[in-house]
Amino acid sequence: MRWMLAALLAQGLLLACGTARAAQAQPIRFGILPIGSAAESLEQWRPLLEDLQKPLQHPVTTVSVGSYASLSDAIGAQRVDIAFLSGKLAVEAVTRQHMQVFAQFVRSDGAKGNVAMLVVRNDSPIRNLDDLLSTPGSSWRYARSEHLSVTGYTAPEAYVFAPRGLNSDTFFGSVRVGDHQSNLLAVVNREVDVASSNNPDMDLFRRNFPREAEQLRVIWRSPLIPSGVLVIRDGMPASLRQKLTAFLLGYGKGHDEAGARERAKLARIPDLGGFAPEDNRMLEPFVDMQYTLLRQQAEHGQWVTPQARQARLAQIEADHRRALRLLQPH
């Protein structure tokens, strides 16, 4: 009997240890918003994520995708535990996908924001924004990002087109949708006349294609837009969440050789100088920008009846209030 009890106890201990090892080995899945190509973004983040595994004693796997929509889908399907997101994607993740903001990107120059741009060739007849917008029934060709991109879609729509009663999808003679790098190349190669972009992607383009970058000219810049953020899944164990957030918020802040090595790894990610602590409330400017855009589009749109227009405006107001409410601390 004593032998049987000892055997059962040993078996139970082995099972418990196996379960603990399995739990410990559960990877943390890090979603990467693409800057450039998916492969390029993965290579930029790899040194930092390798460092992250050590204090956590967890493997870190990457969810590297080629589009904003694919990353949003992965978050919605709970295949991502922590992610680098743009503001509009982060609003979706926080209000609908059980994620929380814990950090904001800080640029290498200390700024906590990016600037959206419209870009043409140096030799383009489009010298400024007035030249672009003053051609009725325009035959200009436009390259932009997906609807989920703040700098590649929402900001140009909200600041340039919608206030003038325009929609870029109908204003331009043709519209192509792609990532920032391929859109800039399309301008250089005369495949399109104007493209949306932002300062981190322009910096990356200058690094990768210096000769081609010399052929580009910026005709419009937006006001400063808050930088991308890091979000984390609600259900992550508190102890693991604390270790993870403490590591990332402290990364690159040291004044010793280790801190210098970390800053060099951060610099591989375009224009990134580090992370500052933040919460969901920093997403309010993105909610307001989307609200402004949707309201302008509704006011300038064509409606079957005035009642239909008013119903749409009322829905936009209700959605705006709900989103702001969901960004408040629990």
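As the structure is a prediction and not an experimental result, all values here were calculated from the model.
Remark: R268 engages E43 in a side chain to side chain donor-acceptor pair (under 3.5 Å) (not counting sequence neighbours). In this view, S67 and S70 satisfy the side chain to side chain donor-acceptor pair (under 3.5 Å) rule, not counting sequence neighbours. Remark: Y251 pairs with D51 by the side chain to side chain donor-acceptor pair (under 3.5 Å) rule, at least two apart or across chains. In this structure, the side chain to side chain contact (heavy atoms under 4.5 Å, CB included) partners of D319, at least two apart in sequence or on a different chain, are Q315. E191 meets the side chain to side chain donor-acceptor pair (under 3.5 Å) test with R176; sequence neighbours excluded.
Judged by distance alone, the side chain of S182 and the main-chain N or O of G178 form no donor-acceptor pair under 3.5 Å. Side chain of S196 to backbone of G152: a donor-acceptor contact under 3.5 angstrom is found.
Side-chain contact between Y68 and L33 is present, with at least one heavy-atom pair separated by less than 4.5 Å. Inter-residue side-chain proximity for V229 and F105 is flagged as unmet; no heavy-atom pair is nearer than 4.5 Å. Contact annotation: the side chain of M117 never approaches that of S222 to less than 4.5 Å [non-hydrogen atoms, C-beta and beyond].
In this structure, L327 and N280 approach most closely via the heavy-atom pair O-CB, 3.3 Å. Here the closest heavy-atom approach between residue A213 and residue R206 is recorded as CB-CG, 3.7 Å. Looking at every heavy atom in both residues, P200 comes nearest to N114 through CG-OD1, 3.4 Å. Residue Q26 comes nearest to H58 through the heavy atom pair O-ND1, 2.9 Å, listed as atom of the first residue, atom of the second, then distance.
Counting heavy-atom neighbours within 6.0 Å of R164 CZ, excluding the residue itself, gives a total above 12. Annotation: R207, atom CZ; neighbour count of heavy atoms from other residues, nucleotides and ligands within 6.0 Å is above 12. Within 6.0 Å of NE2 in H98 there are 12 or fewer heavy atoms belonging to other residues, nucleotides or ligands.
Donor-acceptor pairing under 3.5 Å is lacking for the side chains of Q100 and D279.
Ring-centre distance between F84 and F30: not below the 6.0 Å cut-off.
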For this session: Run the numbers on T154 and K88 for side chain to side chain donor-acceptor pair (under 3.5 Å), then give the verdict.
Result: CA-CA 9 Å; T154 304; K88 193 170 181 180; 3.2 Å; yes
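Side-chain contacts under 4.5 Å among hydrophobic residues (ILVMFWY), followed directly or transitively, place I316 together with Y291, L294.
V192 and V175 end up in different hydrophobic clusters when Ile, Leu, Val, Met, Phe, Trp and Tyr side chains are linked at under 4.5 Å.
F161 and F172 have perpendicular rings, their planes meeting at more than 60° on a 0 to 90° scale where under 30° would count as parallel.
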